[in-house]
Amino acid sequence: MKKYNFDELVDRTNTNCIKYDGRQMFFGTEDVLPLWVADMDFKTPDFIINALKERLEHEVLGYTFRGDSYAESITNWLEKRHAWKVEKEWLSFSPGVVAGLTLAIEAFSKPGDEVIVQPPVYFPFFDSVKGTGRKMVENPLKLENGRYTFDLEDLKQKITSETKLLLLCNPQNPGGMVWTREELEALTAICLENKVLIISDEIHSDLVFEGHKHIPLPTISEEVAQSCVVCMAGSKTFNIAGLTTSFVVIPNKRLLARYERELKVPHLHMGNIFGSVALETAYREGEAWLEQMLGYLQENMQLVRTYLKENLPQVVPMEPEATYLVWLDFNALGLSDEELNERLLKAGVGLNRGVQFGKQGSGYMRINIGCQRSTLLQALERIKAAFA
């Protein structure tokens, strides 16, 4: 088996890379280590690059469709990794998970309808709800023993006759929770009782750490499967987000038809050649690379855990069960969100501000540990210096 080198540094500057070439735009300075936007600094796997090169040897890049092998790569991957038997007829396309989620909001609700979000949560959820003219209703997560959980009593109180959708983040971003079957059963029972459709963002489902298991929402029950839409992609897993290729899984034929109407009217269903090649190759050949990468991430997390405990114990990382994104609690330092951000930038570290994920994120910052260990150590040393 090939051994991959995740310590190898890759210069991403001068590639129009948001993470590095966008530093001046987002942080007001180039002199900052950017550990924020959710892509990794590891090389996209060689087998994907080779497949793209092979496709480029055919010098016609005209209209194409996604064939049976594309669908089979997805269904085989989901069955092997998540014990989820998906029919290819349930699959549809999306240019990205946020795009799929937004199209689903437009397909299954109308302006003025209520859509529930559960902050602190991936902040594009807010734009998808508000930007489509829906009313956002917050059902904040509860913090218990250092881990977020659903506030089911609050959810019951928030649902009204105008509530049509709930946006679920599973695994959760930024906290990194992998919702258990029991948690999902309790949540879905409330939604089924109130005829609330769940749109589940499961983009981080392959990035689950040892000791935890991702539960695809439709596997809870057949009734749940007929009352949800799942948005997935290989983009986070294999560092191919720039190819804007994702997919949705909708077991309910009626819901699938409504979604595809929204997708096809603006002609978004075609996708692009290279995204299709990359996704199919990733799911067909990527398991060994993924296992090694997950091992590297878990070692990175151990570095964060140990370094902060020994050098800056006031800053407490939430223990991630999945993802390469870690939620850091700075509240013990007693600083405002603006002061916190200014100190980190002055020390040369660029993280995501917690309040981006909702007011519940005040006092937190999100750090991306999907980078070379030398980069992560340098960032941790700068964080320490910021509060020395």
Can I get a per-line list of side-chain donor-acceptor pairs under 3.5 Å for residues 243-251, giving both atom names and the distance, sequence neighbours left out?
unit_1	atom_1	unit_2	atom_2	d
T245	OG1	L243	O	2.9
S246	OG	V97	N	3.3

Quiz prompt | No-hydrogen, no-angle side-chain donor-acceptor test under 3.5 Å, T163 and E114 | solution = yes
Practice problem: Would you kindly say whether E72 and S69 are connected by a side-chain donor-acceptor distance under 3.5 Å? | Solution: no
Quiz item: With sequence neighbours excluded, what pairs up with S161 under the side-chain contact (heavy atoms from CB on, under 4.5 Å) test?
Solution: none
Exercise. Would you please name every residue forming a side-chain hydrogen bond (donor to acceptor under 3.5 Å, both in side chains) with Q356, sequence neighbours left out?
Key: N352
Practice problem: May I have all residue pairs that pass ring-ring contact (aromatic ring centres under 6.0 Å, His included) and include part of residues 161-192, sequence neighbours excluded? | Solution: F150-W179
Quiz item: Which residues satisfy the side-chain hydrogen bond (donor to acceptor under 3.5 Å, both in side chains) test with K195, sequence neighbours excluded?
Solution: none
Quiz prompt | For I49, side-chain contact (heavy atoms from CB on, under 4.5 Å) partners two or more places apart | solution = T44, K53
Quiz prompt | Lys/Arg N to Asp/Glu carboxylate O, R12 vs D21, below 4.0 Å | solution = no
Quiz prompt | Set of side-chain hydrogen bond (donor to acceptor under 3.5 Å, both in side chains) partners for S362, sequence neighbours left out | solution = D337
Practice problem: May I ask you to check whether Y296 and F42 place their ring centers less than 6.0 Å from one another? | Solution: yes
Quiz item: F274 and side chain to side chain contact (heavy atoms under 4.5 Å, CB included): which partner among I48, L56, I240?
Solution: L56
Practice problem: Determine which pairs satisfy ring-ring contact (aromatic ring centres under 6.0 Å, His included) with at least one residue from residues 367-388, sequence neighbours left out, and list them in order. | Solution: F330-F387
Quiz item: Listed by chain and number, what are the side-chain contact (heavy atoms from CB on, under 4.5 Å) partners of M25, not counting sequence neighbours?
Solution: none
Practice problem: Answer with yes or no whether the side chains of N173 and R366 bring together a donor and an acceptor at under 3.5 Å. | Solution: yes
Quiz item: Just one of I369, L376, D41, I383 clears the side chain to side chain contact (heavy atoms under 4.5 Å, CB included) bar with L35, so which one?
Solution: L376
Quiz prompt | Residue pairs passing the side chain to side chain donor-acceptor pair (under 3.5 Å) test where at least one lies in residues 376-388, sequence neighbours excluded | solution = N311-K384
Self-check item: Pairs flagged by ring-ring contact (aromatic ring centres under 6.0 Å, His included) wherever residues 358-377 is involved - sequence neighbours left out
Solution: W327-Y364
Exercise. Can you tell me which residue pairs pass the ring-ring contact (aromatic ring centres under 6.0 Å, His included) test with a partner in residues 195-223, sequence neighbours excluded?
Key: H82-H214
Exercise. Apply the test side chain to side chain donor-acceptor pair (under 3.5 Å) to residues W77 and D206: give CA-CA distance (whole Å), side-chain angles for both, the deciding distance (0.1 Å), then the verdict.
Key: CA-CA 10 Å; W77 180 265; D206 293 322; 3.1 Å; yes
Self-check item: Minimum heavy-atom distance between F93 and L263, given as atom pair plus value
Solution: O-CD2, 3.4 Å
